[in-house]
Novice: 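To start, I am sharing the structure in question, which I have written as structure tokens.
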Amino acid sequence: MSSSEGERLMPPPVRHDATQEDLNVAQKFFYGGFFLLPWMWGINVWYFRSRIWPTKEERDFRDRFPYRVHLQQPSAEVRSYVIKSFWLFLLSVVIFAIWVTVFQTSWRNWGQTGFDLLVLPPNHSFNTDVF
């Protein structure tokens, strides 16, 4: 087999630049998180995680196949949206965990307001005279 025959068996390099598509996806998920949908920040981080924070095996694979679009290093702008999404998602999870903890430990002390905030009020273990 000559070298020209071996070269024909290799897939052609992909010349498509996915930078603008990645930027559009990162922006949509980033701004979508501000519309009371913080889980979109988590999805944004999950979607770009292997290209922003690659493992050693992923870096080695990317070095062996540099022409693959889905393995390209994202632009600095995409990276900034993903990192901001990471911190905002982390902040929203912490705030939610604090709210759940405070609510679960003190809803009884809030009187009727605490009882009204319950989605499924318990049928036992509370004094009905308070409400």
Novice: Return the set of residues passing ring pair (Phe, Tyr, Trp, His ring centres under 6.0 Å) with F34 (not counting sequence neighbours), or none when no residue passes.
Specialist: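 For F34 the ring pair (Phe, Tyr, Trp, His ring centres under 6.0 Å) partners, ignoring immediate neighbours, are F30, W41.
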
Novice: So how far is it from M40 CE to K28 NZ, rounded to the nearest 0.5 Å?
Specialist: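 The CE atom of M40 sits 10.0 Å away from the NZ atom of K28.
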
Novice: Would the distance check show the side chain of S106 and the main-chain N or O of F103 forming a donor-acceptor pair, the cut-off being under 3.5 Å?
Specialist: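 Not at all, since once roles are kept as given, no pair shorter than 3.5 Å links the two residues.
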
Novice: According to a hydrophobic-cluster definition based on side-chain heavy atoms being under 4.5 Å apart (Ile, Leu, Val, Met, Phe, Trp, Tyr only), do V102 and F115 belong together?
Specialist: yes

Novice: Can you tell me if L118 has over 12 outside heavy atoms packed within less than 6.0 Å of its CG?
Specialist: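 Yes, enclosed.
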
Novice: Assess R49 against W46: is NZ or CZ under 6.0 Å from the centre of the six-membered ring, and within 45 degrees of the ring's axis?
Specialist: yes

Novice: Working to the nearest 0.5 Å, report the span between CZ of F48 and CH2 of W53.
Specialist: 11.0 Å

Novice: State, with a plain yes or no, whether a side-chain heavy atom of Q20 is found less than 4.5 Å away from one of L23.
Specialist: yes

Novice: For a quick test of reading the model, state the closest non-hydrogen atom pair linking A26 to V78 and the distance between them.
Specialist: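 Closest approach of A26 to V78: CB-CG1, 4.2 Å.
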
Novice: Using atom types as modelled, flag every donor-acceptor pair under 3.5 Å from a side chain in residues 83-100 to any protein atom, sequence neighbours excluded.
Specialist:
{"residue": "S85", "atom": "OG", "partner": "N44", "partner atom": "ND2", "Å": "2.9"}
{"residue": "S85", "atom": "OG", "partner": "Y81", "partner atom": "O", "Å": "2.8"}
{"residue": "S92", "atom": "OG", "partner": "L88", "partner atom": "O", "Å": "3.3"}
{"residue": "S92", "atom": "OG", "partner": "F89", "partner atom": "O", "Å": "2.8"}

Novice: Do R51 and D22 come within less than 4.5 Å of each other through their side chains, counting heavy atoms only?
Specialist: yes

